[in-house]
Amino acid sequence: MSSELVTVQQLPDLVDPVLVVALDGWVDAGYGMRNAAEIMIDSNEAVLAASFDSDLLIDHRARRPTMTVRDGRVDDISWPAIRLEVLSDLDQRKFLMLHGPEPDFRWQAFCTAVDELVQQLGVARVVSLGAYPAAVPHTRPVRLSATGTTQDLIERFGSFQGTLEVPAGISAALAKRFEAAGLETVSVWAQVPHYASGSPFPAAAAALIQGLRVVTELRFDPAPLIAEGLEVSRRLDSMIAQNASHKRLLGQLEGAYDTTMGEHGDELPTGDELAEELERFLRDQDESK
């Protein structure tokens with residue numbers, strides 16, 4: 001490749017591989033995408049296909065490298081890195097993952113470099129992962145929704161209705177580039193309760209792992225995430241149970257989840273009002289410790 005942004009290590013010989021995009025730095029409520037990516041990366045040995053020049057793409061003052069100090073001596077510095085790696089699922093299916101921090105600079109040049117790699121590798125489908133805060137209760141299964149360029153894939157989860165204008169992440173820029181090349185693309189999003197979006201919410205990561213299987217057949221073990229999610233749910237239950245008004249608000253969120261807002265829209269506060277109240281309560285609880 002001619003791009004100064006990328007160094008190719010070895011391009012694997014794969015047949016119609018899936019590319020999973022998990023670039024961290026934009027919307028990742030409850031660290032759903034990050035934790036799902038970690039499960040996939042930790043499940044086997046990764047083979048590096050290509051790496052990107054972090055000095056040209058990353059603002060190191062915003063994403064500082066991590067130093068390890070032993071007995072007063074700086075022993076090591078770990079730099080943020082964007083990598084394209086070959087991984088395997090539980091059934092030893094090979095796939096590609098693009099992961100690391102979202103670039104701070106040169107988005108269009110980065111998209112061009114990734115697109116060239118994707119074309120060389122013969123990628124057939126691209127799936128991006130993400131999680132966003134929503135007016136949903138933690139006591140119900142995590143809902144998934146989708147955006148993308150392939151209607152069949154989007155309809156497997158449902159999608160946003162109407163027109164939205166929101167800041168774009170790099171995954172959206174990549175998706176438009178891939179669409180122009182004729183690739184199937186879909187972004188799978190987990191909906192995380194507003195009031196739990198600022199700390200790890202493992203149930204979101206587990207849902208993303210399961211959603212990935214729906215559109216790619218890639219299979220991973222979500223059991224550790226499910227177990228962690230149950231513990232988080234019990235902690236939230238205990239905190240909310242201390243206040244009757246917040247129990248009532250949670251019940252209303254549950255009602256809004258179980259029914260359509262159109263049926264009870266005049267009877268319920270808005271989702272934002274409910275979530276703001278619960279978030280304030282949980283924050284007060286944390287501060288009182």
Side-chain angles (χ1 to χ4, degrees), residues 1-14 17-28 31-68 76-88 94-131 148 167-181 183 185-188 208 212 216 218:
M1 293 183 61
S2 60
S3 175
E4 62 178 335
L5 299 181
V6 60
T7 299
V8 176
Q9 305 297 329
Q10 53 180 329
L11 294 184
D13 185 14
L14 303 174
V18 169
L19 171 63
V20 177
V21 177
L23 293 169
D24 186 21
W26 186 52
V27 179
D28 189 23
Y31 306 105
M33 180 272 291
R34 183 186 303 178
N35 290 338
E38 287 176 355
I39 286 288
M40 289 183 273
I41 293 167
D42 293 344
S43 65
N44 56 86
E45 292 186 6
V47 176
L48 181 62
S51 58
F52 293 81
D53 192 331
S54 60
D55 271 355
L56 297 178
L57 294 170
I58 304 299
D59 179 357
H60 291 304
R61 292 174 300 176
R63 305 168 189 265
R64 294 183 181 272
T66 302
M67 66 178 182
T68 301
D76 191 23
I77 293 183
S78 177
W79 295 88
I82 304 173
R83 297 184 176 94
L84 178 67
E85 294 182 326
V86 183
L87 301 170
S88 301
K94 300 289 187 183
F95 69 100
L96 297 159
M97 176 180 283
L98 180 65
H99 66 96
E102 180 184 67
D104 295 305
F105 310 114
R106 303 188 65 177
W107 276 28
Q108 295 194 52
F110 175 76
C111 289
T112 297
V114 174
D115 185 43
E116 289 180 5
L117 282 171
V118 162
Q119 300 304 322
Q120 285 184 295
L121 290 164
V123 169
R125 178 173 295 178
V126 181
V127 182
S128 299
L129 303 178
I170 192 66
S171 61
L174 286 168
K176 293 304 293 182
R177 185 66 60 95
F178 297 147
E179 179 184 14
L183 289 178
T185 69
V186 63
S187 295
V188 180
L208 288 173
L212 183 64
T216 67
L218 293 172

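Position 1 is the first residue of the sequence; numbering continues from there.
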Q: Can you measure from CG (L129) to OG (S171) and round to the nearest 0.5 angstrom?
A: 9.5 Å

Q.
Are the side chains of E116 and Q119 in contact, using a 4.5 Å heavy-atom criterion?
A. no

Q. So how far is it from L174 CG to E179 CD, rounded to the nearest 0.5 Å?
A. 13.0 Å

Q. Would you call V188 and L208 a side-chain contact if the rule is heavy atoms closer than 4.5 Å?
A. yes

Q) How long is the span from the CG atom in L84 to the OG1 atom in T7, to the nearest 0.5 Å? A) 12.5 Å

Q) Side-chain contact, heavy-atom cut-off 4.5 Å: V114 with R177? A) no

Q.
Which heavy atom of R63 sits nearest to which heavy atom of G25, and what is that distance?
A. NH2-CA, 4.0 Å

Q | Atom pair CZ/CG of R125 and L183 - distance to nearest 0.5 Å | A | 11.0 Å

Q. Do you know the tightest heavy-atom contact between S3 and A113?
A. OG-CB, 3.8 Å

Q.
Just to verify, what does W79 make a ring pair (Phe, Tyr, Trp, His ring centres under 6.0 Å) with, not counting sequence neighbours?
A. H60

Q: Please identify each residue that fulfils salt bridge (charged side-chain N to carboxylate O under 4.0 Å, His left out) with D59, with sequence neighbours left out.
A: R61

Q. Heavy atoms, side chains only, cut-off 4.5 Å: are E4 and D53 in contact?
A. no

Q: Give, for atom CD1 of I41 and atom CE of M97, the distance between the pair rounded to the nearest 0.5 Å.
A: 5.0 Å

(Q) Using every non-hydrogen atom in the two residues, find where G169 and E102 come nearest and quote the distance to one decimal. (A) CA-OE2, 3.4 Å

Q: For T185, check side chain to side chain donor-acceptor pair (under 3.5 Å) against everything at least two apart and list the hits.
A: T149

**Q.** Test item: F95 and V127 side chains (from C-beta on) under 4.5 Å apart, heavy atoms
**A.** no

Q.
Please evaluate residues Q10 and V47 with respect to the criterion side-chain contact (heavy atoms from CB on, under 4.5 Å), reporting the C-alpha separation (whole Å), side-chain torsions for both, the decisive distance (0.1 Å), and the verdict.
A. CA-CA 9 Å; Q10 53 180 329; V47 176; 3.4 Å; yes

Q: Could you check if a side-chain atom of V123 sits within less than 4.5 angstrom of a side-chain atom of L96, using non-hydrogen atoms only?
A: yes

Q) M40 versus E85: any side-chain heavy-atom pair under 4.5 Å? A) no

Q: Could you tell me whether the side chain of F105 reaches within less than 4.5 Å of the side chain of L5, counting heavy atoms only?
A: no

Q. CG of L19 to CG of L121: how many Å apart, nearest 0.5 Å?
A. 9.0 Å

Q. Given I170 and C111, is the side-chain contact (heavy atoms from CB on, under 4.5 Å) satisfied, shown in steps?
A. CA-CA 8 Å; I170 192 66; C111 289; 4.0 Å; yes

Q: Heavy atoms only: give me the nearest A131-V27 pair and the separation to one decimal.
A: O-CG1, 2.9 Å

Q) Which pair of non-hydrogen atoms, one from W107 and one from A173, has the smallest distance, and what is that distance? A) CE3-CB, 4.4 Å

Q) Minimum heavy-atom separation for P17 to G122, with atom names? A) CD-O, 3.4 Å

Q) Between D24 and R34, is there a donor-acceptor pair closer than 3.5 Å when you use the side chain of the first and the backbone of the second? A) no

